[in-house]
Amino acid sequence: MTETSRPRYYLHQNTGFMISTAWHTCSSVIFLGLLLAAVTAARAAAELFAAPVILRKLETRQSFEEMLAAIVFFGVCLFLLTGLEAYIRQNTLFGRIAVRQEILRQIGEKAAGTSYPNTLDGDFLSFQAKSYKACYDNTSPAEGFWTTLTQLLTNGLSFLVWALTLSGLSPLLLCFIALVSGVEYFFNRSVNRWGWCHQEEEAECHKKMDYICRTATRRFYAKDIRIFGLQPWLWQVWNRGFKEYRSFLARRETAYFWTDIGGGVLTLVRGGAVSACLLRMFFEKRLSVSDFFLYFTAASSFSLWMTGILDNVSLLHRQSLELSVIREFLEWPEPFLFEEGKRLFKEMDMPYELRLENVSFAYPGSDRNTISHMNLVISPGEKVAVVGLNGAGKTTLVKLLCGFLDPVEGRVLLNGQDIRQYNRRDYYQLFAAVFQDFSVLDASVAENVAQSVDDVDLERVRDCISLAGLREKLETLPEGLDTKIGRQVYEDGVELSGGQTQRLMLARALYKNAPIMVLDEPTAALDPIAENDIYRKYSQMAQGKTCLFISHRLASTQFCDRILFLDQGQIGEEGTHRQLLDKKGLYANLFQIQSRYYKEEGGAHGQEGEEGFIFSGGQA
């Protein structure tokens, strides 16, 4: 959202949204808020009339018993109303937190379940960050809205009582008080608008400093910071970001300062006019002492209540702007179909054919296609390897086949049907994958493999771990499958090496037991011996499944039925490992370059060429 853009939802719409959410989450929030406003206004009214009533009894020299009765009456009323107000205020807090937690749950569900392209959209991520910020604590708009709304109702009720009390005074004076209070309100609104219009600038400053703070304090970066001496550089980046933020604060506080000056002058003018008017009436003997005290207090409070109403409206408007961001995030359009899409059920014995039909894809903002007019058929049960230089489009091809991205041109077909018609979550159930980016959680080994807390098949977990080559490591863990991974949550958690983590992810893919398996550089973190062990077991792991395999190590693809060599977003060559070597084209040239690093210098396999590459116990 730019500085000049308007919110999609206005105050009355966001008020309806909050009331609806509260009604379905914890309806007591609404009723307790109304009761709290009434009790608070009643207590303020009792405080207003207590002293003037007692003074009037003194002026009229009423009996001691009547004086005492009045004092006791107001004392008991104030005691009960104050206690009831505190009780309601404390108990309404729990419901308000529940409503905020419900909004947080909705934001979390949207963020976790949104279409994959949205996770690459900078605007979507910005709205997501702002939505979480609006639910950060008890004073954030998702909860503070109720406090402001209750205060607005309280001020409104009190304003009516004070207006009736002052009805005997000059209407001109009341109009003057209202006019000055209105001008003061518009001063406050202008400064609130300034904060809203510049929130993007403030967020940008916070983002830079938060990034440096996270980078400097995370153990993941500790080695690089020390070995490369990055501390001075981090301080420079931090200081530059802080300087920008300090400049922003100076401009903001300058705007606030002049607003406060103007508000102070208006308050002085309003108070002086009220005092002068009441003093004149008193000396003209049109007011008694008790009346003077009552009207003076009421007039001062009248302006406070009116200003309070206007301030509450201003604050409610500002909170509404942030609530609008939440609603816009929750209603962010989804490019994929989910529940409204056609159902698709995983069947292990059903043949699944994947087809690309004249597919092109370009990332937003890019002036060139990453995949260009590609046609491809992956038959059921076929094992296909995708190789090529960096930037050739290998990972993008996998994302298209897995349904993470939709082509900008052409179609991705499953058994002849366009995948865009299906519930995309159902489509994902057909795939088990090991990607380059791991999603290891601070949880037990079993939970990480099964991706579940309940109903975990422990025997199946052990079988998958053994097949992935992690059985020996499992036997050394202190609590076996119940051993916790990571130390961000559990102090006694273990940390796996890169290769061990990669094997754990492979076990996770095996546990899912999907008909289509995708392996994106599954052995990148493994040493040659471990890699050789994995590929010896690969036929067993992939038995009966359609497999898509991405690798930079060309010889590791020899077990596949077909190899696709991508070149600038197109299929440059395809065939078996031997067929591609015999073509002596792009694949053979790249393979020859890689094989030089595997030659045993001076040994029997020291000749240049494919014989120099030993893989899976034999020559490539």
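FYI, the numbering just counts along the sequence from 1.
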Query - Student check: side-chain heavy atoms of Met517 and Leu519 closer than 4.5 Å - result: yes

Query raised in the report: Does the side chain of Asn138 come within less than 4.5 Å of Arg96's, by heavy atoms?
Result: no

Query - Asp520 and Lys399 ion-paired at < 4.0 Å - result: no

Report task. Decide whether Arg100 and Thr21 meet the rule of one side-chain donor and one side-chain acceptor closer than 3.5 Å. Result -> no

Query raised in the report: Are the side chains of Leu496 and Lys473 in touch, meaning some heavy atoms are under 4.5 Å apart?
Result: yes

Query raised in the report: Is any side-chain heavy atom of Pro335 less than 4.5 Å from a side-chain heavy atom of Asn118?
Result: yes

Query raised in the report: Does a salt bridge link Arg487 with Glu491, judged by any charged N lying under 4.0 Å from a carboxylate O?
Result: no

**Report entry** Residues Gln319 and Thr148: side-chain donor-acceptor under 3.5 angstrom
**Finding:** yes

**Report entry** Test log, rule side chain to side chain contact (heavy atoms under 4.5 Å, CB included), inputs Ser320 and Thr15
**Finding:** CA-CA 8 Å; Ser320 174; Thr15 301; over 6 Å; no

**Report entry** Glu202/Arg252 salt bridge by N-O under 4.0 Å criterion
**Finding:** yes

Query raised in the report: Just wondering, do Asn91 and Ile88 contact through their side chains at under 4.5 Å, heavy atoms?
Result: no

Query raised in the report: Does some side-chain heavy atom of Val412 sit less than 4.5 Å from a side-chain heavy atom of Asp406?
Result: no

Report task. Would you kindly say whether Ser372 and Gln568 are connected by a side-chain donor-acceptor distance under 3.5 Å? Result -> no

Report task. State, without any angle test, whether Ser158 and Asn155 hold a side-chain donor-acceptor pair at a distance under 3.5 Å. Result -> no

Query raised in the report: Does OH belonging to Tyr136 count more than 12 external heavy atoms closer than 6.0 Å?
Result: no

Query raised in the report: Hey, would you say the Tyr245 and His206 ring centroids sit under 6.0 Å apart?
Result: yes

**Report entry** Donor-acceptor under 3.5 Å (Arg226 side chain, Ala222 main chain)
**Finding:** yes

Query raised in the report: How long is the gap from CD1 on Ile309 to OG on Ser314, to the nearest 0.5 Å?
Result: 13.5 Å

Query raised in the report: Are the charged groups of Glu244 and Lys208 less than 4.0 angstrom apart, N to O?
Result: yes

Query raised in the report: Between CD1 of Ile103 and OG1 of Thr25, what distance do you get to the nearest 0.5 Å?
Result: 8.0 Å

Report task. Assess the side chains of Gln106 and Glu102: does a donor N or O sit below 3.5 Å from an acceptor N or O? Result -> yes

Query raised in the report: Are Tyr116 and Phe336 close enough that their ring centers fall under 6.0 Å?
Result: no

Query - Side chains of Gln451 and Arg508 in contact at under 4.5 Å (non-hydrogen atoms) - result: yes

Query raised in the report: Is Tyr211 atom OH crowded by more than 12 heavy atoms from other residues, nucleotides or ligands, each under 6.0 Å away?
Result: no

Requested in this report: Could you tell me whether the side chain of Lys512 and the main chain of Phe431 form a donor-acceptor pair under 3.5 Å?
Outcome: yes

Requested in this report: Would you please test Glu479 and Lys484 for salt bridge (Lys or Arg N to Asp or Glu O under 4.0 Å) and show each step?
Outcome: CA-CA 8 Å; Glu479 298 181 44; Lys484 301 299 188 295; 5.2 Å; no

Query raised in the report: Between Glu334 and Lys110, is there a side-chain N and carboxylate O pair less than 4.0 Å apart?
Result: yes

Requested in this report: May I have the step-by-step check of side chain to side chain contact (heavy atoms under 4.5 Å, CB included) for Leu321 and Ser324, ending in yes or no?
Outcome: CA-CA 5 Å; Leu321 294 175; Ser324 181; 5.6 Å; no

Query raised in the report: Looking at side-chain heavy atoms only, is the closest gap between Asn312 and Leu149 below 4.5 Å?
Result: no

Report task. For the residue pair Phe124 and Trp332, categorise the inter-ring angle as parallel (less than 30°), tilted (30 to 60°) or perpendicular (more than 60°). Result -> perpendicular

Requested in this report: List the steps and the verdict of side chain to side chain contact (heavy atoms under 4.5 Å, CB included) for Val398 and Phe404.
Outcome: CA-CA 9 Å; Val398 168; Phe404 294 133; 5.9 Å; no

Query - Chi angles and distances behind the side chain to side chain contact (heavy atoms under 4.5 Å, CB included) call for Thr40, Thr150 - result: CA-CA 10 Å; Thr40 305; Thr150 301; 6.0 Å; no

Requested in this report: Please round to the nearest 0.5 Å and tell me the distance separating atom CD of Gln128 and atom CG of Asp121.
Outcome: 11.0 Å

Report task. Give a yes or no on whether a salt bridge exists between Glu339 and Arg425, defined as a side-chain N under 4.0 angstrom from a carboxylate O. Result -> yes

Query raised in the report: Hey, does the Lys NZ or Arg CZ of Arg327 hover above the aromatic six-ring of Tyr9, less than 6.0 Å from the centre and inside 45° of the axis?
Result: yes

Query raised in the report: Can you tell me how far CZ of Phe145 sits from CG of Leu316, rounded to the nearest 0.5 angstrom?
Result: 5.0 Å

Report task. May I ask you to decide if Pro117's main-chain N or O and Ser115's side chain share a donor-acceptor pair within less than 3.5 Å? Result -> no

Query - Distance (rounded to the nearest 0.5 Å) between Asn448 CG and Leu481 CG - result: 11.5 Å

Query raised in the report: Counting N and O atoms only, with roles assigned by atom type, does the side chain of Lys394 sit under 3.5 Å from a partner on the main chain of Leu389, one being a donor and the other an acceptor?
Result: yes

Query raised in the report: In Å, rounded to the nearest 0.5 Å, how long is the span from OG of Ser140 to OH of Tyr132?
Result: 14.0 Å

Query - Parallel, tilted or perpendicular, as decided by the 30° and 60° cut-offs, for the rings of Phe242 and Trp238 - result: parallel

